[in-house]
There are 2 protein chains.
Amino acid sequence: MPTVDAETLRGLPHFGGLDAVARRRIAAGSRVRTLERGEWLFRRGSEPRAFFHVLEGCVQLFRSTPEGREQVIHRLRAGQSFAEAAVLTMSAYPVNAVATSSPTRLIEVGASSFLQVLDEDPRVARAVVASLCRRLVRLVQRVDELSVSSFEARLARYLLDLPAAGDGDDLVVRLPLPKKDLAAFLGATPETLSRQLRRWRDAGVADSRGAHITLHQPDVLLAVVADIPVPSHLPV
Amino acid sequence: MPTVDAETLRGLPHFGGLDAVARRRIAAGSRVRTLERGEWLFRRGSEPRAFFHVLEGCVQLFRSTPEGREQVIHRLRAGQSFAEAAVLTMSAYPVNAVATSSPTRLIEVGASSFLQVLDEDPRVARAVVASLCRRLVRLVQRVDELSVSSFEARLARYLLDLPAAGDGDDLVVRLPLPKKDLAAFLGATPETLSRQLRRWRDAGVADSRGAHITLHQPDVLLAVVADIPVPSHLPV
DNA sequence: GCCCTCGCTTGACGCACGTCAAGGCAGCGT
DNA sequence: ACGCTGCCTTGACGTGCGTCAAGCGAGGGC
């Protein structure tokens, strides 16, 4: 059970400004955990004893219905923290969490030491408030997207938000996750994703070869994102 | 422009524990506003100069697409605060806000005095963090609901969450808002709402007369909420 | 009384997506 | 080589829900 170096905590957004004493206190209540792909970190409804910070790999937060349909709420990569809110309300984790790559290394910060430091140091409180706010705004956006925009629009937005390389007039992006997971993240099925990419290929808008997707007409995608139906002067 | 009595602030969740000095500071940066039904409080994208606390009436937060489709994010009634997150990030209101009843009275708390007190008093920070967390959890629930559950399930859950009066074996609830607004809140259209109520009436599950809805078989609705398809031993 | 507006209800119709089922194609172990 | 097992793709089909359009009933003004 590897413990956490107090120095390591300096890198975390919440604890960057802390003095050495407080940092050592947090470090004492923390440890590093390593998970394999597919391993569960916590389940929805269980008691939140800790929040987490991703050092390496990827964690997916999701909910699921009794029949197995799942909605991915969030994907966390290196440098991001999560589950602070659950710790702060001290009620229950509202989602499930599993690692989606191997190995995934995390810092697990114990609830009690975190709450103590939070009460004593206004700077931590400030940092936590800020990060909660950012998350809140992002969620508001997702509520909006999931209910009013089509799958096409959600996918277009996702692709345009990826880091892209130019290639002549085209943009080329690389999917950072398998297509079936991307589909789940966008609240749809792999079949729907596949069909949308097919339609774009037929229309000459975008081509996909494996995880590499070439956007021939990014402006069309931009119009889709804005939810303005594209004037169909396109060849069949 | 009526100013705010420092005593009034004692009633607000964020400021209940404050000392008189801090409260007077907040009061100086605040005022009471009265809106008519339909009046705008702020628009998405504008700069957040204040957050609000509802004293009376109702405020609706929503987003809308260029073509006019709207998604209601939240409805606030007396005793609730909103837009703290926008103030804290200091970027832009992520939603629109309008009053939906007349009169709607609000306390408008100026951003600068709020931020100052937040930095100085850890108790305020704690209260704000707690309220943000609650909101975050509720939003996570909505992301989940909007994407994985059917309209029927969302409506069932909404009805079961209303305060109900018993009447024999039946439960009777009163819709606190017009049906078209309810439909929007649940991310659907009035037609869809109408049809669902019709189906329940035909199945003998629930009857609606205006805003009064009688639930003859609450257990069926409970099953719907759990997303377990109801075994159809029901008469046509 | 009449007419207007608004909220609600119904029907007809279309489309986006989910589900089920059947391949194709890669990688990988034996 | 073989057959696994996953991931992706495609087709056929069903359905939830939005859109359009019509009609209904309850106010409210004149």
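Lettering follows sequence order; numbering is per chain, from 1.
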Chemist: Show me the donor-acceptor pairs, under 3.5 Å and distance only, between side chains in residues 37-46 of chain A and residues at least two apart or in other chains.
Modeler:
| from | atom 1 | to | atom 2 | distance (Å) |
| --- | --- | --- | --- | --- |
| A:R37 | NH1 | A:T100 | O | 2.9 |
| A:E39 | OE1 | A:E36 | N | 2.8 |
| A:S46 | OG | A:R43 | O | 2.7 |

Chemist: Which donor-acceptor pairs under 3.5 Å do side chains of residues 53-60 of chain B form with protein atoms, sequence neighbours excluded?
Modeler:
| from | atom 1 | to | atom 2 | distance (Å) |
| --- | --- | --- | --- | --- |
| B:H53 | ND1 | B:S81 | OG | 2.9 |
| B:E56 | OE1 | B:R105 | NE | 3.0 |

Chemist: Using whole Å, what does the distance between atom C1' of nucleotide C:dT5 and atom NZ of B:K180 come to?
Modeler: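 That distance rounds to 13 Å.
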Chemist: Applying side-chain contact (heavy atoms from CB on, under 4.5 Å), can you list everything that pairs with A:A156, at least two apart in sequence or on another chain?
Modeler: A:W200, A:L221, A:V224, A:V225
Chemist: Partners of B:L186 by side-chain contact (heavy atoms from CB on, under 4.5 Å), sequence neighbours excluded?
Modeler: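 By the side-chain contact (heavy atoms from CB on, under 4.5 Å) rule, B:L186 matches B:F151, B:R154, B:L155, B:Y158, B:L182.
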Chemist: Kindly write out the residues that satisfy side-chain contact (heavy atoms from CB on, under 4.5 Å) with B:A164, not counting sequence neighbours, or none if the list is empty.
Modeler: B:L171, B:V173
Chemist: Nearest whole Å is fine: how far is D:dT9 P from A:R209 CZ?
Modeler: 13 Å
Chemist: Taking side-chain contact (heavy atoms from CB on, under 4.5 Å) as the definition, give me every residue that meets it alongside A:S91, ordered by chain and number, with sequence neighbours left out.
Modeler: A:T89
Chemist: Identify the pairs formed between an N or O of the protein and an N or O of nucleotides 15-17 of chain C at a distance under 3.5 Å, and give each distance.
Modeler:
| from | atom 1 | to | atom 2 | distance (Å) |
| --- | --- | --- | --- | --- |
| C:dC17 | OP1 | A:F151 | N | 2.6 |

Chemist: Summarise protein proximity over nucleotides 21-28 of chain D in one line of letters, 5' to 3': B for base, S for sugar-phosphate only, - for none, counting protein heavy atoms closer than 4.0 Å.
Modeler: --------
Chemist: Name the orientation class of the two ring planes belonging to A:Y93 and A:F52 (parallel below 30°, tilted from 30 to 60°, perpendicular beyond 60°).
Modeler: tilted
Chemist: For A:D207 and D:dC8, give me the distance from atom CG to atom C1', rounded to whole Å.
Modeler: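 Nearest whole value for this atom pair: 16 Å.
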Chemist: Only pairs at least two apart or in different chains count here, so list each side chain to side chain donor-acceptor pair (under 3.5 Å) that has a residue in residues 174-184 of chain B.
Modeler: none
